[in-house]
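Letters go in sequence order (proteins before strands), and every chain restarts at 1.
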2 protein chains.
Amino acid sequence: MSSDSGAVLDAMRDGIMRGEFVPDQRLVETDLSERFSASRSSVRSALQQLANEGLVERIQNRGARVRAVSLAEAIEISEVRMVVEGLCAAKAAERVTPAEADELREVGARMSAAVASGDVLGYSDLNRSLHRRIRELSGQATAGGVLERLRAQIVRHQFRLAMQPGRPAVSLNEHLAIIHAICSGDPETAEQAARGHLRSVIEALRAYKD
Amino acid sequence: MSSDSGAVLDAMRDGIMRGEFVPDQRLVETDLSERFSASRSSVRSALQQLANEGLVERIQNRGARVRAVSLAEAIEISEVRMVVEGLCAAKAAERVTPAEADELREVGARMSAAVASGDVLGYSDLNRSLHRRIRELSGQATAGGVLERLRAQIVRHQFRLAMQPGRPAVSLNEHLAIIHAICSGDPETAEQAARGHLRSVIEALRAYKD
DNA sequence: CTCTCTCTGATTGTCGCCAATCTTGTGCTA
DNA sequence: TAGCACAAGATTGGCGACAATCAGAGAGAG
């Protein structure tokens, strides 16, 4: 299935998200085609796709560079996430089955354990899992797509945030509140919990103007 | 400035949104390149962009076709619009200046006049203007981009909806409520008004299962 | 008569080349 | 010394040709 251009696309996206390509770094098509041993058109196609995903910036006849997401933009993005994740949480609360509720509670328990044992990386992974699972449970493909795109743009900021001391403890309670509301089948409360969580993220982002 | 590929892109997007290309219609690259007298790579690039905008669907080695947005998908999209437009309305209420408020009220007056005189097309245009202006006033570029993309996908449904008898009268009041809340500088009410309007749109969409 | 296999026509994916455009460094002039 | 015109290098944009892949028709076996 995976054509070559698809492989180049994935490799480049991964490289950007993992930080191998620094923000504002120029992405010269020839260099990339050599680096990934693919043709320049494949690279070109991948660059266009990445531009649409908001990971790179392209200017006419001037090439592409890794998009640097400013703190202000990260806040904007988080605001949109706030309302869309709120929607997903509400819909998830409406549709959740008992089995799925147990699964969510299980994730919550593991998150608590991770925070208790100071496993920041594990907590970060669980965090991502939880948000993804809620998106899936919501059955809202459109919202899911929007959130996926937005998340990719702010992985760097998210990571920095997760590393801030004391942050996991705060976010854990918010996550548990979301889980509880969804498992209770209460859309209103679930939406408010999700929004509250993202509001807290925004506050934390505003906090560090380093 | 406008390169050829950009021209092809705009022409194709316009063609799809204007209905010259029917939903599910196959879009063969060779045909398109001949029709727009452009090279196949330009067409190819445009197709990729349109796929990212959600207007066409592409399958590996199987070509592109105009994406048919089902009623269910239109409802999903409207749900996302509901929360994001709510965000924009709230932020617009926070930032609006007196001059801009007057401008909004002016649009409201023209909408009332259009409905009173049965000018459905004019009302539809004003509707679009209003939503766009609110997006601009919100200063939320991210939300604006999301909404722009979503709107393009459901122009057809929006148009059908606007044509439904009695619909403009209902939506007019909702629009006036949004305008009033924003001009009052009341974010909470503005968000609720915007959400109420979109909720009404969703209801109307659900109504016709023809 | 139906199922499967193969072959063919149509269409997309990839490649290398050339033209168009931008950036940068250089030299001339006031 | 500052400013401007110009040329050279680097990089992107566009094009045609070739290879890879898929859908469908048709032949053959059961």
- prompt: Where the side chain of B/V28 is concerned, which of C/dT14, C/dT11, D/dT12 is the nearest nucleotide?
  reply: C/dT11
task: Would you mind reading off the distance between B/R65 atom CZ and D/dA23 atom C1', rounded to a whole angstrom?
output: 12 Å
query: Who pairs with A/H131 by ring pair (Phe, Tyr, Trp, His ring centres under 6.0 Å), at least two apart in sequence or on another chain?
result: A/H175, A/H197
field: Over 12 non-hydrogen atoms of neighbours within 6.0 angstrom of CD in A/E34
entry: no
- request: Can you run down the side-chain hydrogen bond (donor to acceptor under 3.5 Å, both in side chains) pairs that involve residues 11-24 of chain A, sequence neighbours left out, and say none if there aren't any?
  value: A/D10-A/R13, A/R13-A/E53
query: Would you say A/S45's side chain and A/S41's backbone share a donor-acceptor pair under 3.5 angstrom?
result: no
- prompt: In whole angstroms, how far is the C1' atom of C/dC15 from the CZ atom of A/R44?
  reply: 14 Å
- request: For B/L47, report the nucleic acid contact type (base, sugar-phosphate, nothing); a contact means any heavy atom under 4.0 Å.
  value: nothing
- request: Could you state the atom-to-atom distance from CG of B/L32 to C1' of C/dT11 in whole Å?
  value: 12 Å
query: Has the side chain of A/E76 got a donor or acceptor atom that lies under 3.5 Å from a matching backbone atom of B/A141?
result: yes
field: A/E57 CD - D/dT12 C1' separation (whole Å)
entry: 17 Å
message: Strictly under 4.0 angstrom, non-hydrogen atoms only: write out the protein contact profile of nucleotides 16-22 of chain C, one letter per nucleotide from the 5' end, B, S or -.
response: -B---SS
- prompt: So, is A/R58 near the phosphate of D/dG13, with a side-chain N or O under 4.0 Å from OP1 or OP2?
  reply: yes
Side chain to side chain donor-acceptor pair (under 3.5 Å) partner of B/N52, the single match among A/Q49, A/Q48, A/R149: A/Q49
